[in-house]
Number of protein chains: 2
Amino acid sequence: MPEVKNSAVSSSYKNKEAILLAVDCIIFGFDHEGLKLLIFKREFEPLAGHWSLIGSFVNKNEDVEDAAYKVLKETTGLESLFVEQLHAFGRINRDKGDRVVSIAYWSLIKLNEENRNLNVANHEAHWVDFKEVPELILDHNEMVAMALTTLRERARFRPIGFELLPDKFTLPQLLNLYEAIYQTKFDDRNFRRKILKTGLLIKLNEKDKSTSKRGALLYKFDYQQYDKLSKDGYLFEL
Amino acid sequence: MPEVKNSAVSSSYKNKEAILLAVDCIIFGFDHEGLKLLIFKREFEPLAGHWSLIGSFVNKNEDVEDAAYKVLKETTGLESLFVEQLHAFGRINRDKGDRVVSIAYWSLIKLNEENRNLNVANHEAHWVDFKEVPELILDHNEMVAMALTTLRERARFRPIGFELLPDKFTLPQLLNLYEAIYQTKFDDRNFRRKILKTGLLIKLNEKDKSTSKRGALLYKFDYQQYDKLSKDGYLFEL
DNA sequence: ATATTAAACGTCATATTGACGATAAATGAA
DNA sequence: TTCATTTATCGTCAATATGACGTTTAATAT
């Protein structure tokens, strides 16, 4: 096999330089106040004490994805949540400490009494309004911006919003969520029509009276129906 | 700063294991025969001689993205082409040779007489029909499958098809391209209506007579108009 | 001249959208 | 117990978009 000269294309594993690999997690949550982002105080130098996404180095004997799941499980306490790889960030000098390539994952969690509380698992964690994210270390603000763009893209064509709501939710809640995600107002009547037409919501015989005298009907997401429609190449559109 | 015990979350750069990092490129092209994929004969062990995507290890002193661009430039001879990061593939044993995490990039190129020819830059390269991709090494078939899914997603809502056509193209050509991408037939009259309604095509006063007696009008893509519409949050939909 | 062929144009019934108006179900005040 | 208030829910309609399909045009070759 001829060795190719002056080629960008690799021709063996020899003399290749290994690089530190990390995962960083963008964690979105939603409550009555709006869309939130979970950020942390960095616990080691350089930049200790600064706001940061939560992350971890990837060990040589673990899958990259597992590393992300481990971080998410530890910081949210949740086993099952929506997680998707966002992007690998690989600029040479993105990390001042050493050459580190970071693979970012974004996730959506259903807020409840436990994971709403801060200082998760010994880490100083804070939920912040996604519109008021402070300066984060390294390229973490860039990661957040990209995650938000991706969230908006995904939520437009996939019924992903449900991942941010409790299992039972009302249509006004769902509307608020979409309005928070896109930072715009939707006509409630048209929104209701579109969302119900998908056939992905199951109407329950319960009402939530926490926000109005009249109370709003609770719905749950029909995951079975969604799976069925997805297989047929279904395309949800908001 | 307290060291967190038994935590997935990293607390310093010390004792972290570096990992080999690679880029692999999924290169799509299109001609009268259909949508093509550029594959290569692997030039080093293990698996030398097997079909593979083209790739390269990432040096410690280069951006990940630059590594991908370098490979693409070398194998296609093109400076400017559509490139987008696809996904980082990070399973522990995905590479038999060593622990290698690969960041895949997908790209679209305008085929011409030069880059259509095989054995690009000393590498044994072949264009293959995307429906008949042979068995590739490692997880490269998985990468191709994901790239195809992403291409279809992108082409649905972004006028990306033009990246695969020459600067001047006819509507029947464009239709053929979309039909190849989605492996389905579109009504030519409705397709024409939709595509022209976007206002992104500039009609030229030239005809291409290579495929019919009558000849088809040539168009070019209006990149300026696209930029303008994109900024206003425009959403192209096929 | 005329048959042939791909390209281009046109029509229409139906479905979807966006912009509203109107009603309903609860509460608490008069 | 009536009534005003508030949020939730249902309904309407004109404008637009869609899918399905028929027709004409511009060239070439016979």
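Proteins come first, then strands; the chains are lettered A, B, ... in the order of their sequence lines, and each starts at number 1. None of the values given here were measured: they were computed from a predicted structure.
Ranked by how close their nearest DNA chain D nucleotide is to the 5' end, B:Gly215 and A:Ala216 are led by A:Ala216.
Computed from coordinates, the B:Leu196 CG to D:dA17 P distance equals 14 Å when rounded to whole Å. Note: CG (A:Leu201) to P (D:dT9) measures 12 Å, nearest angstrom. Summarising the geometry, the separation between NZ on A:Lys203 and C1' on D:dC10 is reported as 10 Å, rounded to the nearest angstrom. Remark: P of D:dT9 and NZ of A:Lys209 are 12 Å apart, rounded to the nearest angstrom. The distance from atom CG of A:Leu217 to atom C1' of C:dA26 is 13 Å, rounded to the nearest whole Å. Atom NZ of A:Lys194 and atom P of D:dG11 are 20 Å apart (whole Å). The CG atom of B:Asp208 sits 15 Å away from the C1' atom of C:dA8 (whole-angstrom rounding).
Within residues 167-193 of chain B, the residues having any heavy atom under 4.0 Å from DNA chain C are, by residue number, B:Pro172, B:Arg189, B:Arg192, B:Arg193.
Heavy-atom neighbours of B:Gln224 CD from other residues, nucleotides or ligands within 6.0 Å: at or below the threshold of 12. Few gaps surround NZ on B:Lys131; more than 12 heavy atoms of other groups in view lie less than 6.0 Å from it.
Taking a cutoff of 4.0 Å between a charged side-chain nitrogen and a carboxylate oxygen, A:Asp139 and A:Arg94 qualify as a salt bridge.
Using cut-offs of 30° and 60° on the angle between ring planes, the pair A:Phe28 and A:Trp106 is perpendicular. Relative ring orientation between B:Tyr182 and B:Tyr178 is described as parallel, the plane-to-plane angle staying below 30° on a 0-90° scale split at 30° and 60°.
Exactly one residue among A:Asn190, A:Leu200, A:Leu174, A:Leu175 makes a side-chain contact (heavy atoms from CB on, under 4.5 Å) with A:Ile195. That residue is A:Leu174. When each of A:Leu81, A:Val83, A:Ile109, A:Leu108 is checked for a side-chain contact (heavy atoms from CB on, under 4.5 Å) with A:Glu163, only A:Leu108 meets the rule.
Not one side-chain nitrogen or oxygen of B:Ser212 sits closer than 4.0 Å to the OP1 or OP2 atom of C:dT4. When the side-chain nitrogen and oxygen atoms of B:Lys213 are compared with OP1 and OP2 of C:dT4, none of them lie within a distance under 4.0 Å.
Here the side chain of B:Lys207 is nearest to one of D:dA27, C:dA26, C:dA7, namely D:dA27. Here D:dT9 is the nucleotide among D:dT18, D:dT9, C:dA7 with the atom lying nearest to any side-chain atom of A:Arg214.
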